[in-house]
Amino acid sequence: MTRSTVLVALDTEKTGPVARDQLARICERLGAEGHEVVRARGADDALALTQSRADLSVAVVSWDLDAPEAVLKALMGRFTKLPVFLVTTAASVDDLPLWVSQVISGYVWLLEDTPDFIAGRIGVAARRYLDGLLPPFFRELRRFDDAHEYSWHTPAHAGGVAFLKSPVGRAFYDYYGERLFRTDLSISVGELGSLFEHSGPIGDAERNAARVFGADLTYFVLHGDSTADRIACHASIATDELVLVDRNCHKAIYHGLTLTGGRPVYLVPTRNGYGLMGPVPPAAMREDAVAARVDRSPFTASAAGRRPVYAVITNSTYDGLCYDAVRVAELLGATVPRLHLDEAWFAYARFHPIYARRYGMSVDAAALPDDVRPTVFSTQSTHKLLAAMSQSSMVHVKNSPRSPVDHRQFNETFMMHATTSPMYPMIAGLDVAAAMMDGPDGRWLTDEAITEAIRFRQAVARIGRRIREAADRPDWFFGTWQPTEVTDPATGEVHAFLDAPLDLLRTEPSCWVLAPGAAWHGFAGMEDGFCLLDPVKVTITCPGVNAAGEVSDPGIPARILTMYLETRGIVVEKTDAYTCLILFSMGITKGKWGTLLDAMLDFKALYDANAPLAEVLPDLVRAHPGQYARLTLPDLAARMHAQLGRSDLTGLLDEAFTHPTPAVLTPAQAYQRLIRGGTEPVRLADIAGRTAATMVVTTPPGIPVLMPGESTGEAGGPVLRYLRALEAFDREFPGFPSETHGVTRSTAGDYHITCLR
Ligand SMILES: *Cc1c(COP(=O)(O)O)cnc(C)c1O
């Protein structure tokens with residue numbers, strides 16, 4: 001039984017003793033029937049409870065409160081279909097605003113009815129609300145669990161009983177509790193439907209998710225967005241066909257190409273002075289630009305057809321840059337009939353108006369005419385930024401008549417990548433994740449994350465200003481990456497970001513757009529409105545470089561800040577040369593960022609006081625006393641800053657992407673060579689002219705510098721010069737290794753990369 005909570009918002013001071021006694025009896029009665037009653041004495045109390053108590057199942061609100069309309073609006077804005085009873089006098093019902101009579105479920109006349117009758121009506125409404133709350137699969141799973149059947153099918157733990165026969169099994173069972181195991185059922189339970197036939201409650205749950213996410217078809221995938229990506233590719237690309245691939249793509253896309261034999265033609269994102277990857281610029285997506293790239297590709301001559309059949313774009317990027325998806329579909333749709341937006345980090349986009357047009361499922365017939373619109377796939381790691389268990393993911397499809405997805409055909413691919421023993425609690429989790437975003441709840445949940453992220457951004461900027469104005473200490477501070485000023489489109493008024501009204505920033509997308517040529521973002525080739533910085537993905541900037549790549553002193557490379565934050569129990573999402581990324585997700589609690597801000601201020605104090613490293617980063621000094629024991633925090637920062645400047649990592653990286661090494665083999669051919677011819681690790685110093693067997697991804701910027709089947713190029717070429725500079729950095733600063741995938745280090749610090757034999 002789900003708990004039921006009744007909010008009673010009524011000021012008993014105003015009602016007089018008879019009504020007060022009556023109310024006390026109603027609350028007593030509700031308590032006796034198992035409802036928890038929470039009381040609010042005024043509108044402020046009621047508003048606070050509305051925000052903090054997600055478990056309300058009915059509200060009783062007095063029209064005598066100081067601001068009853070605000071309370072009703074808050075309840076409607078927070079909960080879908082929450083029953084609300086209005087306490088008033090029969091005489092004043094006629095005078096209520098019309099919208100009030102429409103949204104409430106009924107009236108309570110305290111003095112006219114008996115307490116039992118009133119409590120009964122409230123209780124029934126609460127129960128009905130809770131019954132209607134549960135989404136299709138979770139509801140049936142609970143009902144099934146309640147029935148306590150004996151099972152003769154897999155899984156063999158049989159509702160957990162098998163674990164009870166062994167001490168270690170018992171420990172496992174006790175740890176997770178009985179319920180997880182009782183609902184871990186086999187597909188033989190027909191009542192719950194089938195994930196492969198998309199039938200019964202499972203099919204209903206997928207269709208409900210399709211409605212919530214705005215898709216024509218939605219498929220639940222239990223093996224991560226990695227699998228969702230491979231399914232979308234595998235269902236769309238035939239052997240030797242050309243595919244447009246965002247160079248900033250996840251490994252899974254490469255795996256999709258390996259499975260299908262697709263031939264990648266890369267679209268390369270822009271870079272800025274921080275070394276952050278931006279969007280692929282619109283000019284590179286145009287039909288003529290794409291055709292020129294296709295012509296230059298070594299894979300085109302022997303491809304099946306000269307026109308790409310599919311395009312994959314990562315939306316949003318890791319750093320929170322999201323495209324105008326409709327514009328991308330229009331541009332790439334001129335070349336390909338199917339567009340895949342990998343939205344691993346962006347499942348919440350549909351639920352807040354700030355992201356209008358920014359996500360795959362917004363590309364519908366109303367946004368683009370059928371003859372130019374591609375069929376769009378959105379693949380989402382539901383678990384990454386919504387509330388769902390790890391691995392839980394979805395594929396959404398928005399069909400266009402140009403190349404519609406045929407469910408029966410797509411399902412063949414879907415099954416090829418699925419287990420025949422899906423875990424039902426995960427399906428329930430996906431069902432619940434979708435239901436949580438339905439109606440006003442989705443807006444409320446995303447709005448909270450956006451609001452907290454903006455508060456943090458403004459707090460950092462305001463502290464920076466206070467430090468400068470006080471002029472009693474070195475005037476540097478960290479920043480966050482966003483526009484320096486914003487314009488209110490309604491009034492034309494321009495605000496400095498740090499003083500802009502919160503309501504403007506959290507509702508007005510134009511505040512977050514990468515305007516063409518604006519200095520703060522540093523990306524070339526933007527069209528107005530093309531790309532938006534997602535407020536919830538916050539990049540912290542350290543002194544030392546700006547978005548144009550201009551180096552300044554003092555410099556504090558971000559790896560030092562990240563290491564310090566770790567000593568304070570704060571783990572960031574990603575660290576680049578002078579920036580690190582933190583996420584404001586739905587799991588954030590209000591004000592959690594206070595701790596982070598405090599740690600940033602402490603770092604500044606330590607830096608300004610020239611604190612010895614042994615005090616700031618004791619573990620580092622203990623592990624590498626030779627290098628670090630005599631240094632202070634500013635010494636280390638200055639050395640690392642000088643090294644980064646000397647080696648010009650960001651410049652080399654830019655060159656490596658502008659002049660990529662030639663591809664020798666397609667991903668599928670490279671893979672065949674890998675399983676037949678084998679691979680060997682090769683020292684970076686000896687690697688010129690070889691062919692990479694695995695992806696080499698360096699951070700920054702977290703996108704591949706080498707793909708399997710690509711030549712490593714000449715020793716003096718940009719890719720190898722860049723990798724050697726990274727190797728030199730790692731040698732000079734032990735304890736701060738670059739995050740480079742596809743590279744192993746020998747004990748002497750030499751990089752090794754796996755190449756085809
Ligand atoms: C994380 C990620 C994936 C894979 O998602 P999982 O759910 O971890 O399998 C795919 N694409 C992108 C862009 C990602 O960041």
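For ligands, and for the atoms within them, numbers begin at 1 and follow the listed sequence.
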Walk me through it: do Asp730 and Tyr751 pass the test side chain to side chain donor-acceptor pair (under 3.5 Å)? CA-CA 10 Å; Asp730 287 4; Tyr751 275 19; 2.7 Å; yes
Sorted by first residue and then second, give each salt bridge (charged side-chain N to carboxylate O under 4.0 Å, His left out) pair with at least one member in residues 272-285; sequence neighbours left out. none
Would you sort out whether Arg286 and Glu330 count as a salt bridge (Lys or Arg N to Asp or Glu O under 4.0 Å), showing the intermediate values? CA-CA 9 Å; Arg286 293 164 51 116; Glu330 185 183 27; over 6 Å; no
Contacts of Ser236 meeting side-chain hydrogen bond (donor to acceptor under 3.5 Å, both in side chains) (sequence neighbours excluded), chain-then-number -> Arg338
Carboxylate-amine/guanidinium contact Asp576 Lys574, below 4.0 Å: yes
Could you pull out the N/O contacts under 3.5 angstrom between ligand 1 and the surrounding protein atoms?
| from | atom 1 | to | atom 2 | distance (Å) |
| --- | --- | --- | --- | --- |
| ligand 1 | 5 (O) | Ser381 | OG | 3.0 |
| ligand 1 | 7 (O) | Asp225 | N | 2.8 |
| ligand 1 | 7 (O) | Ser381 | OG | 2.9 |
| ligand 1 | 7 (O) | His383 | NE2 | 2.7 |
| ligand 1 | 9 (O) | Asp225 | N | 3.1 |
| ligand 1 | 9 (O) | Ser226 | N | 2.9 |
| ligand 1 | 9 (O) | Ser226 | OG | 2.6 |
| ligand 1 | 11 (N) | Asp342 | OD1 | 3.3 |
| ligand 1 | 11 (N) | Asp342 | OD2 | 2.6 |
| ligand 1 | 15 (O) | Trp345 | NE1 | 2.6 |
| ligand 1 | 15 (O) | Lys384 | NZ | 3.0 |

Residues in side-chain hydrogen bond (donor to acceptor under 3.5 Å, both in side chains) with Thr480, at least two apart? Gln482
